[in-house]
Asker: 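Attaching a single structure in structure tokens format; questions to follow.
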Amino acid sequence: MNSTSRASATPWTPDAIADQRGRTALITGGNSGIGLETARVLARHGARVILAGRSRHKLDEAADGLRGAQPDAEVATAVIDLGDLASLRRATMALAETETIDLLFNNAGVMNIPERRTTSDGFELTFGTNHLGHFALTAGLMPALRRSPAARIVTVSAIAATWRMGRLEDLMSDRRYGAMSAYAKSKRANVVFTQELARRLDGTGVEALVVHPGSAMTNLQRHSQGALSKLVVALTSRTVMGSAEGAAWPSLYAATSPDAHSGQFIAPAGRDQTAGTPKAVPLPHGADDPAEGAFLWSESERLTGIRFLSDPSVPR
């Protein structure tokens, strides 16, 4: 029986995570929801965790909570605003100079913004935060990732990546804005970005994986606005939505399992991929197309003004 068969025959749980002592994980959106649960589990297994987010107060509160529950936990914080490239650049420069990052979780996100809004750099808010902010973060932290002997970048997408409305066109929603289409577009971008990143990192020792967490009631859904959105959340929270605890499993599996590999899309194995033990699932249609990956990479560089791993044949 090969490793894939063994992995599918034995349900994975976080108890399978190996000792993470000596490894550092940085988690965006680490002060709540899936990000905080990811940090909690990794700290329990000995990792040093860096909680990243916009609010110093919320980060400190989350860090104190982790230390209170586990006194020996190694917890640090980093104020990182994914919607402000100048602020993000300052933060990543400091981290890149001083840290070795073994695990980067591109976890934070926004969804269902009722009216088109923009980041401080003029990007449509959902796409700018969920994709372009993490593109810039990954670029800025690449020196810290390359110091690790076995780094993994885990980007959190969503089932929305499979929706037809998420086609990668009109990236800034200039021609037409829809809250959920902007979200689907950003989540497909997470998948396409990861595929292109995995290609460009091939042979460097850094791996890139993408996950979707299934359905969980976290701050992302609680902040949904509009009568229809609130009704949908209220109904689904009673049926398919689980907890942040279970929703963190795909991220944890992607980051730590020896059966997970660069380029894979990890999701819950249960019905409709809403919950269950994590496993590799098929990519959204066309998400591994090198032409789409090259287009998104080029547009991301143009919009952010950041170039990295520009020549996929040359390890950086």
Side-chain angles (χ1 to χ4, degrees), residues 1-49 51 62 65-75 102-107 150-159 194 207-221 236-237 239-282:
M1 183 182 292
N2 61 31
S3 61
T4 302
S5 299
R6 286 195 299 272
S8 60
T10 305
W12 183 93
T13 74
D15 290 338
I17 296 175
D19 188 350
Q20 298 293 303
R21 280 177 291 187
R23 291 172 67 76
T24 294
L26 187 146
I27 308 160
T28 66
N31 57 275
S32 66
I34 294 171
L36 183 57
E37 178 61 20
T38 301
R40 185 188 70 79
V41 173
L42 289 173
R44 192 179 79 215
H45 285 83
R48 173 173 173 262
V49 296
L51 310 181
L66 284 177
R67 296 187 191 102
Q70 186 177 325
D72 63 343
E74 288 190 73
V75 186
D102 303 281
L103 302 172
L104 170 61
F105 293 87
N106 291 328
N107 168 78
R152 283 188 180 179
I153 301 163
V154 177
T155 298
V156 180
S157 181
I159 194 66
T194 298
E207 295 188 295
L209 301 91
V210 62
V211 307
H212 89 68
S215 297
M217 179 56 70
T218 67
N219 286 347
L220 197 63
Q221 288 84 11
T236 55
S237 67
T239 54
V240 301
M241 284 188 176
S243 65
E245 179 180 357
W249 285 21
S251 294
L252 291 163
Y253 176 88
T256 65
S257 173
D259 294 314
H261 303 290
S262 196
Q264 285 183 327
F265 189 26
I266 307 298
R271 182 180 177 185
D272 299 326
Q273 297 179 7
T274 55
T277 192
K279 69 172 185 177
V281 299

Asker: Please tell me if the side chains of Thr277 and Thr13 come closer than 4.5 Å, counting only heavy atoms from C-beta onward.
Answerer: no
Asker: Test side chain to side chain contact (heavy atoms under 4.5 Å, CB included) on Leu36 and Leu66 and set out the steps.
Answerer: CA-CA 9 Å; Leu36 183 57; Leu66 284 177; 4.0 Å; yes
Asker: Is Ser157 reaching over with its side chain to a backbone N or O of Val210, donor-acceptor style, under 3.5 angstrom?
Answerer: no
Asker: If you apply the rule side chain to side chain contact (heavy atoms under 4.5 Å, CB included), what do you find for Asn106 with Ile153, and how did you get there?
Answerer: CA-CA 7 Å; Asn106 291 328; Ile153 301 163; 3.7 Å; yes
Asker: Measure the spacing between CH2 of Trp12 and CG of Asp259 and express it to the nearest 0.5 Å.
Answerer: 11.0 Å
Asker: For the pair Gln264 (side chain) and His261 (backbone), establish whether a donor and an acceptor sit closer than 3.5 Å, ignoring hydrogens and angles.
Answerer: yes
Asker: Show your reasoning for whether side chain to side chain contact (heavy atoms under 4.5 Å, CB included) applies to Thr256 and Arg152.
Answerer: CA-CA 9 Å; Thr256 65; Arg152 283 188 180 179; 5.8 Å; no
Asker: Rounded to the nearest 0.5 Å, what's the gap from CZ on Phe105 to CG on Leu42? Could you check?
Answerer: 5.0 Å
Asker: For the backbone of Thr28 and the side chain of Asn107, can you confirm whether one donor and one acceptor N or O come within less than 3.5 Å of each other?
Answerer: yes
Asker: For Leu51 versus Gly30, what's the shortest heavy-atom pair and its separation?
Answerer: CD2-O, 3.5 Å
Asker: Do Pro268 and Pro213 come within less than 4.5 Å of each other through their side chains, counting heavy atoms only?
Answerer: no
Asker: Looking only at heavy atoms, what is the nearest atom pair of Leu209 and Ala260, with distance?
Answerer: CD2-CB, 3.8 Å
Asker: Supply the atom-to-atom distance Glu74 CD to Arg23 CZ, rounded to the nearest 0.5 angstrom.
Answerer: 14.0 Å
Asker: Determine whether a donor-acceptor pair (N or O, by modelled atom type, separation under 3.5 Å) exists between the side chain of Gln20 and the backbone of Ala18.
Answerer: yes
Asker: Does His45 reach the main-chain N or O of Pro14 with its side chain, forming a donor-acceptor pair under 3.5 Å?
Answerer: yes
Asker: In Å and rounded to the nearest 0.5 Å, what is the OG to CD1 distance from Ser251 to Ile266?
Answerer: 10.0 Å
Asker: Spell out, as yes or no, whether a donor-acceptor pair under 3.5 Å connects the side chain of Glu245 to the backbone of Glu37.
Answerer: no
Asker: Where is the tightest heavy-atom contact between Gln70 and Arg44, given as atom of each residue plus distance?
Answerer: OE1-CA, 3.2 Å
Asker: When you compare the side chain of Val154 with that of Val211, does any pair of heavy atoms fall below 4.5 Å?
Answerer: yes
Asker: Roughly how far, to the nearest 0.5 Å, is the OG1 atom of Thr194 from the CD atom of Glu207?
Answerer: 12.5 Å
Asker: Check Pro278 against Pro250 and note the closest heavy-atom contact, atom names and distance.
Answerer: CB-CA, 3.8 Å
Asker: Check Ile34 against Ala248 and note the closest heavy-atom contact, atom names and distance.
Answerer: CG2-CA, 3.9 Å
Asker: Roughly how far, to the nearest 0.5 Å, is the CG atom of Leu104 from the OG1 atom of Thr24?
Answerer: 12.0 Å
